[in-house]
Number of protein chains: 2
Amino acid sequence: MTEVADRTTAAAPAASPEDLETVQPAVDVAALGELLLGQWAVIRRTARELAGRPEVHKIEGLTHTEHRERVFSQLKYLVDNNAVHRAFPTRLGGSDDHGGNIAGFEELVTADPSLQIKAGVQWGLFGSAVMHLGTQEHHDKWLPGIMNLDIPGCFAMTETGHGSDVASIATTASYDEARQEFVINTPFRAAWKDYIGNAAKDGLAAVVFAQLITKNVNHGVHAFYVELRDPDTKAFLPGIGGEDDGIKGGLNGIDNGRLHFTGVRVPRTHLLNRYGNVAPDGTYSSSIESPGRRFFTMLGTLVQGRVSLDGAAVAASKLALKTAIQYATERRQFNASSSTDEEVLLDYQRHQRRLFTRLATTYAAGFAHDQLLQKFDDVFSGAHDTDADRQDLETLAAALKPLSTWHALDTLQECREACGGAGFLIENRFASLRADLDVYATFEGDNTVLLQLVAKRLLADYAKEFRNADFGVLARYVVEQAADVALNRTGLRQVAQFVADTGSVQKAALALRDEEGQRTLLTDRVQSMVAEVGSALKGANKLPQHQAAALFNQHQDELIDAAQAHAELLQWEAFTEALGKVTDSGTKQVLTWLRDLFGLSLIEKHLSWYLMNGRLSMQRGRTAGTYINRLLAKIRPHALDLVDAFGYGPEHLRAAIASGAEATRQDEARGYFQTLRANGSAPADEKTLLALKGPRSR
Amino acid sequence: MTEVADRTTAAAPAASPEDLETVQPAVDVAALGELLLGQWAVIRRTARELAGRPEVHKIEGLTHTEHRERVFSQLKYLVDNNAVHRAFPTRLGGSDDHGGNIAGFEELVTADPSLQIKAGVQWGLFGSAVMHLGTQEHHDKWLPGIMNLDIPGCFAMTETGHGSDVASIATTASYDEARQEFVINTPFRAAWKDYIGNAAKDGLAAVVFAQLITKNVNHGVHAFYVELRDPDTKAFLPGIGGEDDGIKGGLNGIDNGRLHFTGVRVPRTHLLNRYGNVAPDGTYSSSIESPGRRFFTMLGTLVQGRVSLDGAAVAASKLALKTAIQYATERRQFNASSSTDEEVLLDYQRHQRRLFTRLATTYAAGFAHDQLLQKFDDVFSGAHDTDADRQDLETLAAALKPLSTWHALDTLQECREACGGAGFLIENRFASLRADLDVYATFEGDNTVLLQLVAKRLLADYAKEFRNADFGVLARYVVEQAADVALNRTGLRQVAQFVADTGSVQKAALALRDEEGQRTLLTDRVQSMVAEVGSALKGANKLPQHQAAALFNQHQDELIDAAQAHAELLQWEAFTEALGKVTDSGTKQVLTWLRDLFGLSLIEKHLSWYLMNGRLSMQRGRTAGTYINRLLAKIRPHALDLVDAFGYGPEHLRAAIASGAEATRQDEARGYFQTLRANGSAPADEKTLLALKGPRSR
């Protein structure tokens, strides 16, 4: 294929002799594509085929009312096509496949993010809550109707006054012994349920989270199954009210709304009582004695939302990069009428930097997501389901979801800008996807709040490790070099043996491009940052609450930065681990460059830290940018292969400029000018004539 | 007012004794507001009053067809309210006020960015082209109809195949001596005019840019007045075709579209001939002999688009920050049911960092815009209109527009995320404004391309300065310390005397917080970066074109970074200059902190450069973050004053969470819990009961 030849010979800026020491490697696109599909490749292929059908595609320009109608009807299409039941019990028609369910779900984002999230509300949140927080009686009673969409429902947790702080929600469910009913109540406006999908229009029922009060004791947040609307008239049932959240920045196929409850009575058996029960006489009991642990166990069953957003964000980034890189290999600028073979956009250094650094991050985020999904499946299948496993899963999801969702927004925007005015047209989809994915940064856990959860875990591990150590001497300590795959996957690299200041870090600094050099630098930074904050916060738990909070607040920024550094390290480790699975040498070489680009970009981003803390010399620091520029040139000939390996077809991309139309236009234009020149009908150029007249007349 | 008292006493994280050495300063909000309104305060007030009227507000959720209809009718409203004629000749009903015209235009962004840009298309581009490129005959013939909207029109410059590269457009206008007509032709698909406002529906005429060919010589790009549609049927006239660009990522009140021409004939007199004319016999003449200079002169008349986008971007940033900071002073999280006076969001260090750094940049961008607008008015009023003035204006606009438009997108997004789910609702406007302003980053000059123009100018100045110097010794040279206001305003700080390596830079590094220290660091970085690239590119003009391009490309990234550093310096200088105009000491103190925050944030952002290049020591570098955190705490009590000074009322903000509704909700919730506790009806907490039972049962 000439196309392949063109790619490999596309002129990159002058390569140094060293770059040319080996024959140009080639990427085995098909094999790389398989690697990227990962463990649930079969399900992903099935889901992609479905997501490629026009029936589930977003139609741009609908009003939000029309879009809602369309998406609701598409949910039925998903049911009819067996696309959404994989996680449910086999005995009810599901397949008890938790990892596969998320894998398939993630692929829906290419059809319409509204459809994806609406399906997530119905089966991933509403249905999952009944399944994970309820018991068999609840499953038998409600899951069939939830699965087949007879009961569209809501997951009514968030309140106007409480976003990320679920423990403080103010809706109450008070047990009435006399009538063996719970009475659901909304005490004030801030306690209205808000941003609830399916609440404005479609929801017939809801899982409502409320403070369970019985015998005048508040046992904390529990979930209740509550019917909302008359199935025939769709009118709210007595005591229930609400309003429409209206139009949003995106995801307008979903009818988010508000709900409030005034003395709404539900039978005692509507408490989803897997982790906490109330006997007919009002006695509370739970298999988990600690209210705190019970709360986190109940919420923990909902981690799949974060897991799936992580995957969907990666998928959207891949779509954008494929379109933008395809266009950049075709588009010429500033030279199109000249007779020489000019550069395309992708030959410009800045353009490469804009797109390839994000391509590298997308690969890293994708491999990290594979590990997260595996961990999720291990826990939810019961294969590895200890308390520690669940905590690791929570932490890993809390670390990766912020990075991947922010990355998706950044990538969609950069790709849109890299395509100029064409990028702004909805026909090229960047703006549409960006608008829909915007809220991924704050729902299912605000990204900034999630990173603070990660930081808390890092600090706890740090404190455990050094409980008896003298904090004064802990200014610096270094990486546990042994690559412990299991540990990496669970999320936290062991905070371990600390060695002398002048140990392996400085040595590693001599080899920015080596895997070990990158690992050491990235790991050392996480551990040093945690140690530094840990040391500063030492003894905070003995201070009065107000002072402790103030001390914590003075280090909040550093804490969040440390959590982010940790998450970046996890992505880098996942990318590096994936390299070990690549057998084709050409593919491995190109992917190694891409991993190096990711690692070097992280080091460049945090270069001031490495310099200020003596981890890199001034001279060494200056080589980072140069080496990145060389990597860009090396990756250039393989860029199309790397995005083709994502495996998305035109039915998923659906972008006018990903179709080759630009190349056709460019060829037509060049042909026109060639013909003019050939038959001598081109007008002379005033500039040329002036030049002939000599310099004085210019 | 208790509100004022609340603000000043709001608990900021523990201030150091030094911070408290003086009495807390107070901001004179009214006086600061006047300063921010700037030179055209009267016009800005008038325009704001208009922009606050419901008649011109965006209605969310309209289809793009409905939105187009509404905006077109709003254009008539603007005409009827004398809002858009300030730049036109007094003799035709305008007031020859170029600066005032832009000032008023910028304020329209708060009503609906679509309305602003549609007005910009009609009067700022189409009308301006007739005015600046045409001669009196053209003015008399067409300006009245353009001004009163009898002739809605297009500015048909950009082609599908050529975005930023106007010189290469392929549409031709060939002179036919026999009939004394120009024949407009579109030779191929890539030469279709594209993204043209008013083209899809409303435009009856257009200024079409095309290569002027007469007597078989191409004289380069010229502008032609072409009628497009039958005024009655709205059908395209013979030879003209086009299509709708469809839905866009935003600005859907504007009917962007494509146009193409097949043998379309216009009278010879339809050439807008101020800078180039064709006599009846086909002889070409121009007052500007050099085709290159002629081209840039013609395009230069259109700089006002960039100037006005710069100002509109600042205005949108102000709206977003007012809403987000207002909300953050009301919203409590994670503690709302406790009895103590908890922190609001704005007391969190990270929240302060997210919002205050952007507040500081918004002030800087606003002051820089004032200087740009002054320069624009100086040139267009004729007060200072030399070639050098025009070049400075072009460079200044090219430097500031990228920074302010990117900053607006970043600020709108950060504010939206800082308000969580509420930020995503259209009722709070962040998402709507962000979608509409997205394209500001690439239209009227792609930001990346504009920064390269700035870099080119910096390199040219550098070469001029050091034409005969030995480049080998120019590794470093230092700032011209004399503050030359005129020079600053024109855009380029003189690249001047270079001194020994160990001169003032290192001394200045000892005083990060001093004005001179910041200036020296920021200026030195620009000059050093330019010198470094200049040195690397030396002799490029003697290389064959292909090699020169490759060499340039290898330094493209550094060049763009240098241009950005230059623009950042200009913003910092403008902020500093504005401080000199503040007489109230409290206001001056707070604004100085804000300026310092801006300066320190820039230095922190580029800290690795300062460290790698020996401008800051490791130890000094580490103080930047600490000092920034202290500035955040100092600014905290004044944050509301600083956004109130922007002067936008509820009729401009139109955000549900900027209304005080959150404070009302919080008060209601707190009152509820206080009553429960007071009358003893609050249920006991399981956690508390467990704690009473002793540690074993936890």
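Each chain gets a letter, A, B and so on, in the order its sequence line appears, and its residues count up from 1.
For the atom pair CZ of A/Phe188 and CZ of B/Arg670, the computed distance is 11.5 Å after rounding to the nearest 0.5 Å. Taking OG of A/Ser432 as the start and CD1 of B/Ile247 as the end, the distance is 9.5 Å to the nearest 0.5 Å. Taking CG from B/Asn256 and CG from A/Leu425, the interatomic distance works out to 8.0 Å, rounded to the nearest 0.5 Å.
For the set A/His606, A/Arg331, A/His64, A/Lys215, the entry with the most heavy-atom pairs within less than 4.5 Å of chain B is A/Arg331. Taking chain B as the reference chain and counting heavy-atom pairs below 4.5 Å, the highest number among A/Arg416, A/Glu427, A/His219 is found for A/Arg416. Most heavy-atom pairs under 4.5 Å with chain B: of the set A/Thr63, A/Thr158, A/Asp685, A/Asn216, this distinction falls to A/Asn216. For the options A/Gln547, A/Glu604, A/Arg434, A/Arg354, heavy-atom pairs under 4.5 Å to chain B are most numerous at A/Arg434. When the candidates B/Asn629, B/Asn428, B/Leu551, B/Thr448 are compared by the number of heavy-atom contacts under 4.5 Å with chain A, B/Thr448 comes out ahead. If you tally non-hydrogen atom pairs under 4.5 Å between each of A/Gly61, A/Gly246, A/Ala422 and chain B, the highest count goes to A/Ala422. In terms of heavy-atom pairs under 4.5 angstrom with chain B, the leader among A/Ser681, A/Ala431, A/Ser608 is A/Ser608.
Within the 4.5 angstrom heavy-atom criterion, no atom of B/Arg293 approaches chain A. Contact annotation for B/Leu559: neither backbone nor side-chain heavy atoms come within less than 4.5 Å of a heavy atom of chain A. Of the two parts of B/His555, only the backbone, made up of N, CA, C and O, holds a non-hydrogen atom closer than 4.5 Å to a non-hydrogen atom of chain A. Neither the backbone nor the side chain of B/Tyr610 comes within less than 4.5 Å of any heavy atom of chain A. Heavy atoms of B/Trp192 lying under 4.5 Å from chain A are absent altogether. Interface residue B/Asp438: backbone and side-chain heavy atoms are both found under 4.5 Å from chain A.
Closest non-hydrogen pair, B/Glu417 versus A/Thr442, comes out as O-CG2, 3.8 Å. Residues B/Leu611 and A/Met612 approach most closely at CD1-CG, 3.4 Å, considering heavy atoms. Between A/Gly614 and B/Met618 the shortest heavy-atom distance is N-CE, 3.5 Å. Summarising the geometry of A/Tyr672 relative to B/Pro187, their closest heavy-atom pair is CZ-CB, 3.3 Å, with the distance given to 0.1 Å. Shortest non-hydrogen contact noted between B/Tyr348 and A/Asn553 is CA-OD1, 3.4 Å. Smallest separation of non-hydrogen atoms from B/Gly421 and A/Tyr195: C-CE2, 3.7 Å.
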Side chain to side chain contact (heavy atoms under 4.5 Å, CB included) between A/Arg294 and B/Glu686, intermediate numbers included:
CA-CA 12 Å; A/Arg294 190 191 311 140; B/Glu686 184 190 343; 2.7 Å; yes

Chi angles and distances behind the side chain to side chain contact (heavy atoms under 4.5 Å, CB included) call for B/Arg665, A/Thr160
CA-CA 9 Å; B/Arg665 286 193 293 263; A/Thr160 303; 3.5 Å; yes

Between A/Arg353 and B/Ile560, does a side chain to side chain contact (heavy atoms under 4.5 Å, CB included) hold up when you go through it step by step?
CA-CA 12 Å; A/Arg353 197 177 249 264; B/Ile560 294 171; over 6 Å; no

Is there a ring pair (Phe, Tyr, Trp, His ring centres under 6.0 Å) between B/Phe424 and A/Tyr440? Walk through the geometry before answering.
CA-CA 10 Å; B/Phe424 190 58; A/Tyr440 287 35; 9.2 Å; no

Apply the test salt bridge (Lys or Arg N to Asp or Glu O under 4.0 Å) to residues A/Arg189 and B/Glu662: give CA-CA distance (whole Å), side-chain angles for both, the deciding distance (0.1 Å), then the verdict.
CA-CA 10 Å; A/Arg189 174 62 187 81; B/Glu662 179 65 20; over 6 Å; no

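Taking a cutoff of 4.0 Å between a charged side-chain nitrogen and a carboxylate oxygen, B/Arg350 and A/Glu558 do not qualify as a salt bridge.
Evaluation of the ring-ring contact (aromatic ring centres under 6.0 Å, His included) rule for A/Phe552 yields no partner, not counting sequence neighbours.
Between the side chains of A/Trp406 and B/Gln413, no donor N or O sits under 3.5 Å from an acceptor N or O. A/Gln352 and B/Asp557 share no donor-acceptor pair across their side chains, judged by distance under 3.5 Å alone.
Under a 3.5 Å cut-off, the side chain of A/Gln556 and the backbone N or O of B/Gln349 do form a donor-acceptor pair.
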